[in-house]
Amino acid sequence: MNEQQQTLWEFMRQQSDKLAAQTLQHIGLTFISLIIAVLVGLPLGIWISRKKQFAGTILGMAGVLQTIPSIALLGFMIPLLGIGARPAIVALLLYALLPIIRNTYTGITGVDAAVKESALAMGMSKWQILFKVELPLAMPVILAGIRTATVINVGVATLASYIAAGGLGEFIFGGISLNNTNMILAGAIPAALLAILFDFLLSRLQNLHLKKVRTATATLPALLILLASLYFIPSAYGGKLTAGFTPEFMGRRDGNLGLQSKYGLKIHTIVISDAVMYKAAYENQLDVISGYSTDGRLKAYNLVVLNDDKRIFPPYYAAPIIREDALKRFPELEKTLNLLAGKIDDSVMTDLNYRTDYLHQSPEKVAEYFLASRELLKPSRNGNAGIVRIGSKIFGEQYILASMYTLLIKGYTDYDVVTKTGLGGTKICFDALINDQIDLYPEYTGTGLLAILQPSSKIVDSLTKNKNETFDYVQREFEAKFNIKWLEPIGFNNAYALMMREKQARQLNVKTISDLKRYLESK
Amino acid sequence: MITVEQLSKYFGAVKAVNGISFEVKEHETLVLLGTSGCGKTTTLKMINRLIEPTCGTIQIDGKNIFCQSPEILRRSIGYVLQNNGLFPHYTVAENIAIVPQLLKWDSKKIERRIDELIEKLHLSPDQLKAYPNELSGGQQQRVGLARALVADPPVLLMDEPFGALDNITRSKIHAEFKALDELKRKTIIMVTHDVQEAFGLGDRICLMDKGKIVQIGTPADLLFKPANHFVKDFLKEQRLQLEFRAVLVKDIWTLLPHTKKDVDAASLSADSDIWTGMEKFKYHQTDRLNIAYEHETRSVEFKQLITAFYQYQSNRAHE
Ligand SMILES: Nc1ncnc2c1ncn2[C@@H]1O[C@H](COP(=O)(O)OP(=O)(O)O)[C@@H](O)[C@H]1O
Ligand SMILES: [Mg+2]
């Protein structure tokens with residue numbers, strides 16, 4: 001426990017720059033959207049308190065906005081407003097609207113009718129009544145609404161990092177994908193503290209005596225604007241190009257940390273979710289992104305992979321891994337599976353992924369199409385000399401590979417095949433293999449090394465420079481530890497990669513990561 | 001002077017006020033009396049344009065009130081409501097200063113005026129910094145009155161101003177109200193459903209029913225010359241007490257015996273009502289009171305006073 005706290009503390013100290021920047025961004029996002037929500041919600045609330053016939057509609061609409069899940073709302077914003085602060089602020093603003101409109105309405109309609117009437121009877125104008133009577137008397141209720149909206153915003157603002165708007169979500173979601181508890185806590189604890197702090201401060205304001213509320217309401221706008229402006233401090237620096245990296249990539253040694261230490265790459269970076277990153281690059285909102293080198297979106301969005309000339313990204317060559325006992329039981333199998341060895345390179349795999357992910361062709365059709373084009377497709381022999389069990393992880397590329405192996409086995413041998421596709425991530429798939437639930441599945445050398453074997457960082461560093469060394473190492477170790485054999489690699493390398501728009505890379509003459517660094521450093 | 005002619009207000013099918021006309025003379029107090037829902041409040045609120053009439057005219061000092069902006073009009077008409085309508089977020093002083101501030105008085109003048117009113121209305125200066133919810137109901141009502149009087153408007157409209165007070169506080173405020181010199185200079189329209197209050201405070205009473213005026217006249221007119229059964233019935237329960245209040249000593253002067261002035265006795269003003277006279281007998285524990293009227297002073301016993309009153313009453317009834 002003590003050690004845990006110690007390391008969390010250390011992590012926060014180490015990352016204090018980032019932590020400070022994210023906290024400022026977080027506060028800024030929260031309050032920029034809050035100010036706009038107040039500017040929109042307060043007049044709207046006042047208006048519907050005058051025109052009660054519209055109250056139901058307006059409150060209903062604001063209510064519906066609040067029921068949209070935050071991620072979905074952020075998603076809707078991207079086609080309209082792109083990525084970054086703008087869509088995040090709009091999404092937060094939409095969430096904050098309901099409590100502000102509703103409480104303004106309730107507060108104003110709740111002002112004692114006799115007080116309003118006497119104000120009118122003394123000769124006050126409509127506006128004087130609004131500012132001197134209705135708003136001050138409704139202020140505690142309005143403040144309660146602003147308080148609710150603030151707490152909601154602090155929470156939802158953690159999701160802003162999905163669309164590259166920064167904030168403490170960078171640590172939280174980076175930590176989740178890296179399974180790094182300290183990183184999660186370094187984001188979650190400050191976020192929770194911010195919520196508690198603002199809630200407390202606003203509750204104090206709300207409970208001030210009515211008299212003092214008058215001074216408080218005068219200082220509040222200034223304070224809000226000050227807090228809102230915090231957002232701009234961290235992002236004051238810019239750059240020639242903008243990179244968007246996933247939270248996971250940001251925190252990995254074979255990711256952004258490696259780019260900084262081995263290449264010395266300094267680029268204006270924002271954190272963004274994998275789901276929107278490729279599109280953002282396509283739409284010129286990002287120039288450099290981190291991705292997977294055989295992702296179908298590479299082709300869909302016309303992106304090119306920059307050559308990793310210093311080899312910081314470990315190779316992720318795909319190959320079938322298979323139980324030794326299965327090889328003995330099915331003597332024909334190794335030969336058949338190796339029919340695919342070396343047949344699919346990066347660009348071919350990207351194209352196949354593109355067909356399933358973007359053209360929505362079924363993995364079976366894509367597999368059939370590919371085998372036919374290489375004249376490897378044979379009709380099924382409908383054999384019954386035993387059943388081979390093929391597994392796959394839960395994404396398109398694995399489905400395609402599993403389908404190809406199924407077709408090959410049925411066409412070239414007398415074995416039958418069952419597939420167990422969609423076995424979640426690496427751990428589930430590999431456990432199924434170890435526990436004799438399946439006989440084989442396609443795996444990647446980098447995953448075998450980093451996720452399954454997990455050797456010391458020294459060994460990793462020495463191996464990842466060279467594709468063959470990695471393969472030899474995992475093959476040797478799997479054999480010894482698990483009685484599992486790596487067959488020949490299929491050919492493509494689905495590794496981390498930096499990518500740019502094809503056109504921009506050509507114009508800037510950037511082919512490798514070193515080229516990119518040189519370009520960034522040139523005047 | 002306030003002149004109301006053929007004034008009506010319909011809320012859809014409800015004829016809240018239905019073609020009423022009346023006049024309130026300068027420095028007179030007119031009480032609008034009637035059961036709840038008969039249109040008193042609606043009538044009152046049309047005079048400071050809180051409600052716009054369906055038809056009819058209202059003039060104050062010969063000027064049509066619909067020809068000026070409602071805000072300007074209202075600043076010259078004091079308004080006191082049952083639930084006082086004090087601003088809960090303003091101190092007593094700030095509440096009283098609202099109209100002067102709208103009229104852009106300088107702060108010295110406002111301060112002086114507030115001090116003056118506070119004294120007249122028996123509020124203590126340390127209450128100026130208090131908030132309305134820290135005051136008793138009676139004190140709140142006094143602040144409400146001060147707020148209406150502060151800019152010395154010639155006209156005062158009061159809607160059940162003492163309705164929320166308990167009986168003891170109410171009769172105390174009634175007494176103060178009658179004694180307040182500021183009010184003697186005002187033209188006042190007061191709404192109430194309390195017959196006693198109407199007779200106690202009104203120079204004239206306008207009895208309303210279902211949006212129309214049933215009778216308008218002095219308290220004595222209503223008591224002794226009721227226009228119809230409705231008026232009679234309306235006053236029936238409190239009739240005797242009302243009559244003691246409505247009849248003045250000078251009204252029964254000719255019916256009193258010609259006894260010479262008694263040097264030891266206390267004196268009673270001829271302008272007092274009979275009720276006050278009876279109270280004075282009890283208060284002074286005396287057999288006789290001296291009454292001076294038109295260069296003559298008579299000494300009267302309690303019994304003689306009552307006898308004269310009943311004689312007056314029966315005379316009126318047979319007129
Ligand atoms: N704003 C309104 N809308 C509809 N009806 C009203 C409104 N104000 C008053 N009324 C109706 O007009 C009638 C007279 O009301 P009001 O003048 O308040 O009576 P009072 O003051 O004598 O008790 C009542 O029947 C009341 O229901
Ligand atoms: Mg009323």
Side-chain angles (χ1 to χ4, degrees), chain A residues 42 45-46 49-50 52-53 103-104 106-146 202-221, chain B residues 41 44-51 68-91 93-104 129-134 140 143-145 147-151 153 155-161 163-164:
Chain A
L42 199 66
I46 294 169
S49 74
R50 301 281 186 270
K52 296 221 170 60
Q53 66 267 35
N103 283 37
T104 305
T106 320
I108 287 187
T109 49
V111 173
D112 185 355
V115 173
K116 276 194 263 196
E117 185 180 290
S118 75
L120 198 59
M122 280 186 289
M124 289 180 127
S125 67
K126 253 182 8 199
W127 291 104
Q128 284 170 327
I129 293 175
L130 177 65
F131 286 109
K132 294 193 170 173
V133 180
E134 292 178 304
L135 284 179
L137 287 175
M139 202 41 76
V141 184
I142 297 175
L143 281 175
I146 293 179
L202 283 163
S203 78
R204 290 293 300 267
L205 198 61
Q206 196 184 339
N207 293 332
L208 280 181
H209 192 278
L210 281 167
K211 165 90 184 182
K212 295 194 193 117
V213 164
R214 276 194 271 165
T215 16
T217 28
T219 49
L220 195 62
Chain B
T41 299
L44 195 73
K45 283 187 184 170
M46 284 192 278
I47 293 167
N48 61 0
R49 295 185 63 184
L50 289 178
I51 294 177
Q68 45 187 315
S69 93
E71 280 87 28
I72 302 298
L73 170 76
R74 288 172 191 146
R75 286 171 203 171
S76 67
I77 300 180
Y79 186 61
V80 184
L81 316 81
Q82 171 170 350
N83 300 322
N84 69 59
L86 295 177
F87 292 4
H89 57 309
Y90 277 29
T91 61
E94 289 168 331
N95 261 292
I96 300 177
I98 293 171
V99 180
Q101 245 145 25
L102 292 174
L103 295 171
K104 307 216 159 47
K129 286 209 175 60
Y131 286 87
N133 64 357
E134 295 162 353
Q140 288 179 13
V143 176
L145 192 57
R147 189 171 70 166
L149 290 175
V150 63
V155 175
L156 195 59
L157 305 179
M158 308 178 89
D159 194 349
E160 315 226 6

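Here the structure is a predicted model, which means the values were calculated and not measured. Below, chain A is the first sequence line, B the second, and so on; all start at residue 1. Computed from heavy atoms alone, side chains included, the values below leave out hydrogens, waters and symmetry copies.
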> By side-chain contact (heavy atoms from CB on, under 4.5 Å), which residues pair with E160(B), not counting sequence neighbours?
Replying inline: K40(B), Q82(B), V191(B), H193(B)
>> Quick check: closest heavy atoms across Y79(B) and L156(B), and the distance to 0.1 Å?
In response: N-CD1, 4.3 Å
> Do L145(B) and P161(B) come close enough that some side-chain heavy atom pair is under 4.5 Å?
Replying inline: no
> In terms of heavy-atom proximity below 4.5 Å to chain A, should L73(B) be classed as side chain, backbone, both, or neither?
Replying inline: neither
>> Is any side-chain heavy atom of L50(B) closer than 4.5 Å to one of R74(B)?
In response: yes
> Mind checking whether P88(B) and N133(B) have side chains closer than 4.5 Å, heavy atoms only?
Replying inline: no
> Relative to chain B, which segment of A113(A) carries a heavy atom at a distance below 4.5 Å: side chain, backbone, both, or neither?
Replying inline: neither
>> In terms of relative ring orientation, are F87(B) and H89(B) parallel, tilted or perpendicular, with 30° and 60° separating the classes?
In response: parallel
> Going by residue number, which parts of residues 120-130 of chain A are within reach of chain B, meaning a heavy-atom gap below 4.5 Å?
Replying inline: L120(A), A121(A), M122(A), G123(A), M124(A), S125(A), Q128(A)
> Taking R75(B) for the side chain and V99(B) for the main chain, is one N or O donor matched with an acceptor at less than 3.5 Å?
Replying inline: no
>> Donor-acceptor pair, distance only, cut-off 3.5 Å: does the side chain of T104(A) make one with the backbone of G45(A)?
In response: no
>> With a 4.5 angstrom heavy-atom cut-off, is it the side chain or the backbone of L86(B) that approaches chain A, or both, or neither?
In response: backbone
> Heavy-atom distance under 4.5 Å between the side chains of L135(A) and I142(A), does that happen here?
Replying inline: yes
> In terms of heavy-atom proximity below 4.5 Å to chain B, should K132(A) be classed as side chain, backbone, both, or neither?
Replying inline: both
>> At a heavy-atom distance under 4.5 Å, which candidate from N83(B), N84(B), L102(B), V80(B) has the highest pair count against chain A?
In response: L102(B)
> Which bit of R147(B) comes within less than 4.5 Å of chain A, counting heavy atoms only: side chain, backbone, both or neither?
Replying inline: side chain
